[in-house]
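Working notes, structure below.
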2 protein chains.
Amino acid sequence: MDQLFRKIYNHPLFTSTDMLEIVSLHKRVILPKNSFLLEEGKTANAYYLIEKGLIRFYVHDYNGNEITTQFICENEIANEVSSLFQRIPSIQNIQAVTDAVVWKIDFEDFQHLYHTMESVREWGREWMSAQLFQIQQRSIEMITQSASSRYLHLMEYRPQIIQQAPLKQIASYLGIADTSLSRIRKEIVVS
Amino acid sequence: MDQLFRKIYNHPLFTSTDMLEIVSLHKRVILPKNSFLLEEGKTANAYYLIEKGLIRFYVHDYNGNEITTQFICENEIANEVSSLFQRIPSIQNIQAVTDAVVWKIDFEDFQHLYHTMESVREWGREWMSAQLFQIQQRSIEMITQSASSRYLHLMEYRPQIIQQAPLKQIASYLGIADTSLSRIRKEIVVS
DNA sequence: GAAAGCACTTTACATAAGTCAAGAAATGTT
DNA sequence: AACATTTCTTGACTTATGTAAAGTGCTTTC
């Protein structure tokens with residue numbers, strides 16, 4: 001658990017005192033599989049550090065299909081930024097894919113940190129920049145790589161997802177039909 | 001020009017005094033077509049408000065092809081966030097698609113505003129949230145919509161791009177081959 | 001003002017991925 | 001344990017998009 005906070009709040013400006021204050025505002029939450037951290041239509045009031053388990057973000061497309069837009073693995077942050085920081089209802093759902101243990105920090109508590117600590121502001125801005133970078137990289141991958149390359153990439157860099165998420169969710173995350181993913185898996189096993 | 005600043009720095013927390021100070025730190029720059037605002041490998045030192053003209057972001061994929069990742073239209077901001085705020089070399093290029101007039105603000109000047117004005121911090125965080133939201137929406141569109149729907153969507157909501165960018169750049173932005181875009185255009189004219 | 005170079009279009013063909021439907025396997029429920 | 005449900009696989013067929021190559025028409029340039 002200590003390791004979790006050190007991994008996530010990893011910024012040169014943080015002092016030990018900062019860290020103690022930050023950690024003290026997080027609350028441990030146990031989540032059963034399939035439970036929600038945020039439902040569409042509601043406004044986010046917290047973000048979450050994932051200690052154990054797998055989390056996903058999904059939206060409904062115009063046909064009502066669920067599209068998984070993000071997977072959040074252990075030692076990562078689940079934060080629906082546009083709802084939390086613009087204080088507007090979310091179009092995304094955040095759901096536990098497996099049973100999970102997470103640490104929650106409420107918006108008001110974070111606001112307090114953000115307004116009183118320079119280090120938190122810098123950390124926050126860099127975290128958002130990194131998010132933007134990652135999502136940009138993912139778009140580029142979607143454009144330039146084939147479905148099977150994208151799957152292999154996931155296998156290599158985010159194996160937790162392959163192991164714990166159902167095929168249908170992975171397929172929608174990769175932007176392909178679930179039958180196609182099934183076929184891709186078969187080819188990989190053969191070769 | 002006044003309208004440009006009002007559109008971009010549009011946040012309830014800004015006072016007239018804030019606005020005057022902010023505007024005073026921007027410098028007008030004239031850009032010839034094809035000139036660069038940022039080149040890959042260099043670290044961004046400013047961001048830009050676009051008064052006139054069209055700007056694009058692009059990267060090179062592993063085959064050396066240019067992939068246009070963003071178009072920035074008039075009254076929008078061109079900011080390579082991960083390079084500017086994480087102070088690391090950019091993998092993206094920012095280039096003027098047409099002759100352009102932009103207003104530049106240097107990183108140090110922005111840092112000054114950011115550290116001294118609460119309103120700038122809130123504005124900045126909301127702007128980044130909005131960016132994340134937009135890029136997320138674009139990913140979803142890439143997954144769920146056909147190439148021609150995506151093109152029609154661009155036509156409807158960002159006509160400046162269709163009018164001013166060459167076909168090849170639009171095609172890579174939509175994630176399709178330029179011959180495919182040419183076909184799509186033909187079908188649209190016929191129907 | 002002819003040549004060269006771009007930007008775009010068109011054609012023929014190849015291929016990745018989608019759709020639909022059936023069945024197998026796994027999981028959850030009483 | 002038996003049933004119902006969900007998840008995953010497989011097959012046959014369709015379709016959107018990619019590839020390669022040739023052709024058209026504009027600009028740019030010397």
Side-chain angles (χ1 to χ4, degrees), chain A residues 32-35 53-54 56 58 60-68 71 95-99 139-155 161-191, chain B residues 32-35 54 56 58 61-68 71 95-99 139-155 161-191:
Chain A
K33 179 172 172 173
N34 294 329
S35 61
L54 182 66
R56 70 168 182 140
Y58 72 90
H60 287 100
D61 71 10
Y62 53 96
N63 293 319
N65 303 312
E66 290 182 3
I67 310 283
T68 297
F71 283 107
Q95 187 186 33
V97 175
T98 62
D99 292 337
S139 304
I140 293 167
E141 196 178 304
M142 295 288 271
I143 292 176
T144 60
Q145 311 273 101
S146 68
S148 50
S149 311
R150 280 178 269 149
Y151 181 74
L152 288 167
H153 188 264
L154 253 204
M155 270 183 84
I161 296 170
I162 307 296
Q163 285 150 18
Q164 301 185 345
L167 175 137
K168 196 165 47 164
Q169 292 176 13
I170 299 173
S172 79
Y173 178 73
L174 293 175
I176 59 180
D178 43 5
T179 54
S180 298
L181 179 52
S182 192
R183 268 193 279 262
I184 286 169
R185 281 188 163 170
K186 189 172 148 195
E187 278 160 28
I188 288 171
V189 172
V190 172
S191 61
Chain B
K33 179 172 172 173
N34 295 328
S35 61
L54 181 66
R56 69 166 180 141
Y58 72 90
D61 71 9
Y62 52 97
N63 293 319
N65 304 310
E66 290 180 4
I67 311 282
T68 297
F71 284 108
Q95 187 185 31
V97 175
T98 62
D99 291 338
S139 303
I140 293 167
E141 196 177 305
M142 294 288 270
I143 291 177
T144 60
Q145 312 273 100
S146 68
S148 49
S149 312
R150 280 177 268 150
Y151 181 74
L152 287 168
H153 188 264
L154 253 202
M155 271 183 84
I161 295 170
I162 307 296
Q163 285 151 17
Q164 299 184 346
L167 175 136
K168 197 165 45 163
Q169 292 175 14
I170 299 173
S172 79
Y173 178 73
L174 293 174
I176 58 180
D178 43 5
T179 55
S180 298
L181 180 51
S182 195
R183 260 196 293 256
I184 287 169
R185 281 187 164 171
K186 189 173 150 195
E187 278 160 28
I188 289 171
V189 171
V190 171
S191 60

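In what follows, every heavy atom counts, from backbone to side chain, and hydrogens, waters and symmetry copies are set aside. The chains referred to below are lettered A, B, ... by the order of the sequence lines, with proteins before strands, and numbering in each begins at 1.
Atom pair A:Ile143:CD1 and D:dT17:P shows a separation of 14 Å (rounding to whole Å applied). Taking atom OH on B:Tyr151 and atom C1' on D:dT17, their separation rounds to 17 Å, with Å as the unit. Protein atom CG of A:Leu167 is 8 Å distant from nucleotide atom C1' of D:dT7, rounded to whole Å. In this structure, the CD1 atom of B:Ile170 is 12 Å from the C1' atom of C:dA7, given to the nearest Å. The nearest whole Å value for the distance from the CG atom in A:Asn34 to the P atom in D:dT6 is 12 Å.
Using a 4.5 Å cut-off on side-chain heavy atoms (C-beta onward), B:Gln145 and B:His153 make no contact. Between A:Tyr173 and A:Leu154, the closest side-chain pair of non-hydrogen atoms falls below 4.5 Å. The shortest side-chain heavy-atom distance between A:Leu54 and A:Gln169 does not fall under the 4.5 Å cut-off. A 4.5 Å side-chain heavy-atom check between A:Ile184 and A:Ile176 finds at least one atom pair inside the cut-off.
Relative to the axis of its first five pairs, the axis of the last five pairs of the helix from C:dG1-D:dC30 to C:dT30-D:dA1 sits at 50°, rounded to 10 degrees.
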Yes or no on side chain to side chain contact (heavy atoms under 4.5 Å, CB included) for B:Leu152 and B:Met155, after CA distance, side-chain angles and deciding distance? CA-CA 5 Å; B:Leu152 287 168; B:Met155 271 183 84; 4.2 Å; yes
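In summary, the aromatic rings of A:Tyr62 and A:His60 are positioned with their centroids too far apart to meet the 6.0 Å limit.
Although no hydrogens or angles enter the test, the distance criterion places a donor-acceptor pair under 3.5 Å between the side chain of A:Asp99 and the main chain of A:Lys33. Under a 3.5 Å cut-off, the side chain of B:Ser172 and the backbone N or O of B:Thr68 do form a donor-acceptor pair.
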What is the per-nucleotide protein-contact pattern of nucleotides 10-25 of chain C, from the 5' end, where B denotes a base atom under 4.0 Å from a protein heavy atom, S denotes such proximity for sugar-phosphate atoms only, and - denotes neither? BBB----SBBB-----
